[in-house]
Structures are given as structure tokens and as C-alpha cells.
2 protein chains.
Amino acid sequence: MANTSSTVDKALTLLGFFTERRSAAGLSELARLSGFNKATTLRFLNSLEAKGFVEQDAATRAYHLGPAFLRFAQVRESSFPFARAVRDILHGLVEKTGETAHVSALSGGVLANIDRVESKRSNRVVLDPGEVLPFHATASGIVYLAFADPDVTDAALKAPLTGHTAKTITDPAAIRARVDQARADGYARAGETYEDQVVGLALPYFGPSGAVCGAVAVALPKARASDGAEALILRELRTAARKLSAACGGALPDDFPQVPADDVKE
Amino acid sequence: MANTSSTVDKALTLLGFFTERRSAAGLSELARLSGFNKATTLRFLNSLEAKGFVEQDAATRAYHLGPAFLRFAQVRESSFPFARAVRDILHGLVEKTGETAHVSALSGGVLANIDRVESKRSNRVVLDPGEVLPFHATASGIVYLAFADPDVTDAALKAPLTGHTAKTITDPAAIRARVDQARADGYARAGETYEDQVVGLALPYFGPSGAVCGAVAVALPKARASDGAEALILRELRTAARKLSAACGGALPDDFPQVPADDVKE
DNA sequence: CTCAATTGGTTCATTTATTGAACCGTTGGT
DNA sequence: ACCAACGGTTCAATAAATGAACCAATTGAG
């Protein structure tokens, strides 16, 4: 991945520093985060602002994501009504499983949450929309790598693997084993590798060319992760992955593994 | 405004060529539209693609807006839940007036539709989401200019004013008179200046610093544009503009003109 | 079945925009 | 009054953007 070293590339990375937690940031802060010179950062911000990708708060002088995203999200949506489909599918998953569900997609080299619907239970898993999911520490990431281009997988495993909990696996060889397992199983399971007390189950979904687009996952408290519950979730995830692939104009591959055992009653 | 001629600026303008009508475009087409060299255009597209701002269809090789917009729209929304408020307000307007309503915002130097909800009547005005509204030919544009910074207004009137219908006003002085009128009235009306047989009514809404953010408008077929109907619409638009300003963290200015005559019964 | 036109994409010398250290004026804390 | 950190500006040095010419692959007409 490294540095493609194109100016627009750099400018666009600035946008990636805006997250739910840090929804606004000042010039110096962004320069520090990005490693760019302050003058450079400012020029980028001005360009981004001119096109509505960031906005500057007149009072605090801090920058935040601009209204262009509302507009372009609309345009994309009108020709490619994906967000709506995702939303419906997630609601279905939450209703059927009772747990928090989320969908991620590869966007700019990272797997990022596209949308999420939370469980209605009081003890539930909470996720940030737009959150970036580390490949090695989440079920979504593992299952994505399992069906991704080998180059992508290699690149992801070469990157530094940061620990998130005591159980996070950071040995590339061990991750690779999990990835291979996920490819054979057709799903991935992550037990407390990203957040304590949280278990994740994920399936991939595919685009028109048959390439993997992202993952759909359910996250639940470890206490409720019984075999029966997980089997149910995997069954629901499979139909969700199928619908999601359809919404992208794709489909699950013909040789995609049956999920729990084989309860073929479509 | 002219051309700041920064590389990122140029790259970002490519995104503007994707509209509801032209949701995908090939390399040559984009190069033609933008006037950039093919090589340049390709480099831009590659950078944009690397960050998820465009995607390339594997089969047709055409580009379309990427999933990054879904993600960033989410992030922006989570810290600044505007789209949701807009949607609710528009539904309210459509219910009360029976006509198509839309909200626009300045984004990248142009006034672009943020969202729209169509009337349920069979004879209704149809709008494209993400559509760019010409300042001089729409009620939204006029009323925006009326409350915008004088520099912005001057710049907009210096740009070439293209005709859209037989009734489009293209004389800068005449437009300026309309703008001044709109500032005095607190609203703008455009009769068939953008689309034949369509009348538009628009009010501005304001952000935290008291600066105008965009416009909220109702568009209806000329045949239904009776005085009574328009008065009702203006009344509803005013409450919509107030809510919308609140959603931005702003408010209508204290000296904002009362709309129809004065039916003060809040 | 050819020919010509158009497509997406590549190359590389020229040029032009990008870069960053040092700078300025403000602001906010002590 | 001080200092530090802020947002923003300047300008020579330099690295990156540019674009005409060039491929290879489709496409469509005669």
C-alpha cells in the first residue's frame, strides 16, 4: 500500500481523519495526524472546502465533513440504491437474531462500516457507523480476507497487526490459518479479538464481477453466544449475504460453502 | 471564483460530472467533460478510486461514485444529524402542501439539492436528487443570493447566465432586482424560469454563524399555483426554514421578513 | 472481413504546481 | 506580561503534474 504519492491521494486521506469520535479537527491537528506540512494541509483543506467536502466552523475555525457528502450520497443512491437495501437487510437481521448487525465495505484500502442497526436488548453491542474494522481482529475482516484477492490478503498481513484485547491474534501465520479456515467454512468467528466480551460472526458479500465487496456481521455479548444462537445467526447471515450480493448486482459464488451444517430449505 | 487551479480541486470536479442521469461515465467521456487530458483524468480517477470515491465497473470499465460517500455521509450524519431532520421536514411540507418539496445547500460553489420528497399527486414536479440549481433561474438560487455574502452574489451574477426556458431571465441587472426583492420579501418566487409549467417558491435557511446555508423550496405545476395555494405554501415554508435553521444550529435572523402578510399565530 | 474510429490505458520530456521552513498576527492560559 | 499554540501566509527549491504521441483492444460500418 505504502504511499502512492499523488497529491490528490494525500488530500483525500485528510478526510479519513474525521470519525464519529473526532468529527471536527483544526488545521494543526490535521497536519499532525497526517504528517503533512501545515501549509500543505491548509491548501488541501481549502480545496476540499471549495468543493464542499469539508466545512469550517466560523467560530472555532475547526473543520468537519461538508455537505458534499449528502449530495453525492444522494446521487450514488439514486442510481445504485444500496444504502436502502442494506438498511432493510440489517433491520431484518436484528429482528430475527435480536443482536446488533452491521455491514462493512472496502473503501479506500480499509474495511469500513457502511451501516449498522443495534439490537433492542439493553445488553447489546454498540458500534460506530463509519468505524474502520481491522482485518486481523474482526470476523468481518477475516472473512473479507478469506475471499479477497491474495495480494490484498498478503498486504493486510504484512501491515503491523495491533492488539486490541488480550485475545487479539497478532501472529500473521495464525491469522492466515484463520483466514483459510474462514474460506473453507464460508464464515468467520471472532471471539473477543476486538472488544472484550464481544463475539462476532461474519459472512462476505459479493459484487457484479464476483469479487468480494465487504462483509455482513452480527456482534453479540459473549454471554449470549450459545451454539444454538450462533447457528441461527449464521443461517440468517447467509440469507442476508445473498440479498446483499444481489443488491450489489452480484451473487454468492456457486461453490460458496453451506454455513451451519446444511438446512437447505429456501 | 475562477480557477484556483490546484490539482486536488481539479480532481474533485470530476466527481461533479456524476449525476442521476449520468450515473456512470468512461474515461474518455470524463476527459471530454472536464477538459483534462486523458492521462490526467485517468490519474485522478485512480486516486479517487484508491480512496473509494469512485468505483470502476469491471465489465464496462465505466466509473461511478464509490462507497466512500456512504461511509462519510454516515460519519457526518452521526455528528451532525442533518439529513434526517431534512427528510422529516420535507415529509411535513409535502403532507401539508401536497406538492414536491426540496432542500438545497451550497456545496462546492454551487447550490445543490440535498434531498427532495415528491408530491403524491399524479401531476407533480419531479426533481433529481443531487441536482445543481442555477442561481439565476430558480427560486432557491435567487433567495440564496438575497441572503448570501455580497461577494458571492456578485460572482454568481458575473458568471454566464444560461437560458433554460423562454422565461429565464438572463440579464444580470434584472436578476439583481429580483434578488433585492427577495431580500425584502423574505422569499423568492420563480415562474417557469427553469422548467416550463413549473412554479417555485423558496426560503433560505441559516447556520450557526447566521450565514445562509441553502434554501428550502416547494415546486408545483403552474396550473395549481393559485394565490391561496401559494400563501399556504409560504406559510409552511417559513416554519420549515425555521426548523431547518435550528437543525443546522442556526436560526432565522431577527429582522427576517414575515412571509405572506402577517398571520402570527405560532 | 477489412478499415477506421473510439475505447481504456501508457510513456516520458517539459513545465508547473507543490512543498516546507520560517514567518506573522491572534488567542487563551498563567 | 508572558509564553505557547493556534490559523494562516510567504517564496525559493523541488518534486510532481502535465499532455502529445503512442499501444492494444473493441466496435461498427461498408
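Quick note on labels: first sequence line is chain A, next is B, and so on, each numbered from 1.
Taking atom CZ of residue A:F44 and atom P of nucleotide C:dA17, one finds them 15 Å apart after rounding to whole Å. Distance, B:R61 CZ to D:dT27 P: 12 Å, rounded to whole Å. Atom CG in A:L45 sits roughly 11 Å away from atom C1' in D:dG7 (whole-Å rounding). Regarding A:R43, its CZ atom lies at a distance of 11 Å from the C1' atom of C:dG20, rounded to whole Å. Following rounding to the nearest Å, A:L33 (CG) and D:dC6 (C1') show an atom-to-atom distance of 15 Å. Taking atom CG on B:L30 and atom C1' on C:dG8, their separation rounds to 12 Å, with Å as the unit. Rounded to an integer number of Å, the gap from CG of A:L42 to P of C:dT18 is 13 Å. With rounding to whole Å, B:N46 atom CG is found 13 Å from C:dG8 atom P.
Counting heavy-atom neighbours within 6.0 Å of A:R21 CZ, excluding the residue itself, gives a total of 12 or less. Around the CZ atom of A:R183, the shell of radius 6.0 Å holds more than 12 heavy atoms that belong to other residues, nucleotides or ligands.
Checking D:dG8, D:dA17, C:dG8 against the side-chain heavy atoms of B:T7 singles out D:dA17 as nearest. Side-chain proximity of A:A39 to the nucleotides C:dG9, D:dG19, C:dG20 is greatest for C:dG20. Closest approach to the B:L27 side chain among D:dG19, D:dA17, C:dG8 is made by C:dG8 (side chain taken as heavy atoms from C-beta onward).
Judged purely by distance below 3.5 Å, without hydrogens or angles, the side chains of B:T7 and A:T7 never pair a donor atom with an acceptor atom.
Two residues are said to be in side-chain contact when any heavy atoms from C-beta on lie closer than 4.5 Å; A:Y144 and A:T153 fail this criterion.
Among the heavy atoms of the strands, none lies under 4.0 Å from A:E29.
The 5' end of DNA chain C is approached more closely, in terms of each residue's nearest nucleotide, by B:A62 than by the other of B:A62 and A:N37. DNA chain D is contacted by both B:K10 and A:S28; A:S28 maps to the nucleotide lying nearer its 5′ end (nearest heavy atom per residue). Nucleotides of DNA chain D nearest to A:K38 and B:T40 differ in position, and the one nearer the 5' end is that of A:K38.
Between B:H64 and A:F80, the ring-plane angle classifies as perpendicular under the 30° and 60° cut-offs.
Between C:dT7 and B:R32, a contact under 4.0 Å exists linking OP1 or OP2 to a side-chain N or O. For the OP1/OP2 pair of D:dG8 and a distance below 4.0 Å, the side-chain nitrogens and oxygens of A:Y63 include at least one atom meeting the criterion.
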